[in-house]
Every structure is written in C-alpha cells, then in structure tokens.
Enquirer: 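Structure provided below as structure tokens; questions to follow.
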Amino acid sequence: MSELSLFLLRVGFLALLWIFVIIAFGIVRSDLTVGATCRVGQPRPRKPARRQQTAGKGARKLVVVAGSLAGTSITLGTTPITIGRANDSTLVLTDEYASNRHARLFPRDGQWYVEDLGSTNGTFLDRVKVTQPMSVPLRTPIRIGKTVLELRR
C-alpha cells in the first residue's frame with residue numbers, strides 16, 4: 001500500500017470512530033433528558049385524573065408510600081419542603097435515581113404545588129412529568145425515582 005492510501009484509511013477510520021461516539025452520546029443524552037417518553041409497547045403517559053377534592057386543600061401531611069422510606073410522614077406547615085439526596089433537604093432520599101436537589105413542595109393560596117428543580121430523571125405527578133409547578137390533589141402519587149409520595153389529611 002502506498003503512503004497516501006494508508007493515510008486515507010487512517011483518516012476514514014478516525015472519522016467513522018468519531019461518528020460512532022457522537023451517535024452514542026446523542027442516544028445517552030436523549031435517554032437522560034426524555035426519560036418518561038412513551039416507548040414501543042408501553043402505554044402513553046396520562047394526564048392527572050381530575051379529583052373531586054380541591055388540589056392540596058386540607059392536606060396535613062406528606063406520606064412516603066413506596067421506596068426505602070415507606071411509612072415516613074412529614075407534617076405540613078407553611079414552609080416549603082425540599083426533597084432530594086442532599087443532607088440539608090427536608091426529606092432526604094436514599095434513592096440512587098433522585099438528584100441532590102430534586103423537587104420541592106410549596107404552599108400557595110391554600111394549595112400545595114410540586115416543582116421539579118432541574119433533576120436528571122424528572123419528577124412525576126400521577127404519571128405526568130412535572131415541567132412547571134403543578135397543584136397536587138390529595139392522594140395523588142408524586143414519583144421521584146423509586147420513591148412515591150402522597151399528600152394526605
């Protein structure tokens with residue numbers, strides 16, 4: 001082989017390798033950012049069901065119903081509740097799918113709202129990804145990783 005053909009073969013191989021790396025990075029990135037999109041064979045996410053109760057009115061406690069902290073209860077007051085793996089969070093999760101500062105619950109006009117704080121895996125209110133502050137009806141599941149929370153009276 002001539003030097004020119006060997007050089008072109010090396011450049012072609014290097015270009016092919018970079019294309020593979022870029023495609024792999026794009027796939028990983030889309031899996032991390034989309035997370036809850038519908039995949040083949042899985043049902044589409046539903047919007048939260050309308051409940052007869054007003055969102056969060058009368059809620060007195062936040063209860064962990066699934067996950068490593070199942071059974072844990074936090075009495076609600078007037079201060080926001082931060083949720084995540086950080087030690088200074090109100091509810092410290094030991095869930096590997098939770099971010100350090102994952103979500104926050106806060107009261108506004110007598111109702112409780114949930115807000116995602118830019119987490120990697122997202123926060124879900126009754127199977128709907130939280131992209132902006134959303135009011136939380138009583139007994140509606142809030143999913144953060146493997147942890148499921150509910151507001152209760």
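Side chains are part of it too, since the values below use all heavy atoms of this structure and drop only hydrogens, waters and symmetry mates. Bear in mind that the values here come from a model prediction, so they are computed numbers and not experimental data.
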Enquirer: Short question: side chain of Ser89, backbone of Val92 - any donor-acceptor pair under 3.5 Å?
Expert: no

Enquirer: Assess the side chains of Thr147 and Asp95: does a donor N or O sit below 3.5 Å from an acceptor N or O?
Expert: yes

Enquirer: Indicate yes or no: at least one non-hydrogen side-chain atom of Ile142 is less than 4.5 angstrom from one of Thr140.
Expert: no

Enquirer: Measure the shortest side-chain to side-chain distance between Arg152 and Arg139 over non-hydrogen atoms and say whether it is less than 4.5 angstrom.
Expert: yes

Enquirer: Ile81 and side chain to side chain contact (heavy atoms under 4.5 Å, CB included): which partner among Leu149, Val114, Thr90?
Expert: Thr90

Enquirer: Extract all donor-acceptor atom pairs below 3.5 Å that involve side chains of residues 67-78 and protein atoms in other chains or at least two apart in sequence.
Expert:
from: Ser68; atom 1: OG; to: Thr94; atom 2: OG1; distance (Å): 2.8
from: Thr72; atom 1: OG1; to: Leu69; atom 2: O; distance (Å): 2.6

Enquirer: So do the side chains of Arg153 and Leu138 get within less than 4.5 Å of each other, counting heavy atoms only?
Expert: yes

Enquirer: Evaluate Glu96 against Lys146 for salt bridge (charged side-chain N to carboxylate O under 4.0 Å, His left out), listing each step before the verdict.
Expert: CA-CA 9 Å; Glu96 67 238 21; Lys146 294 178 181 177; 3.8 Å; yes

Enquirer: Treating His102 as the side-chain partner and Thr82 as the backbone partner, does any N or O pair qualify as donor plus acceptor under 3.5 Å?
Expert: no

Enquirer: Hey, are Arg101 and Asp88 close enough for a salt bridge, meaning a charged N less than 4.0 Å from a carboxylate O?
Expert: yes

Enquirer: Ignoring hydrogens and geometry, is there a side-chain-to-backbone donor-acceptor pair from Thr123 to Ala103 under 3.5 Å?
Expert: no

Enquirer: If you group Ile, Leu, Val, Met, Phe, Trp and Tyr whenever their side-chain heavy atoms sit less than 4.5 Å apart, what else falls in with Tyr113?
Expert: Phe106

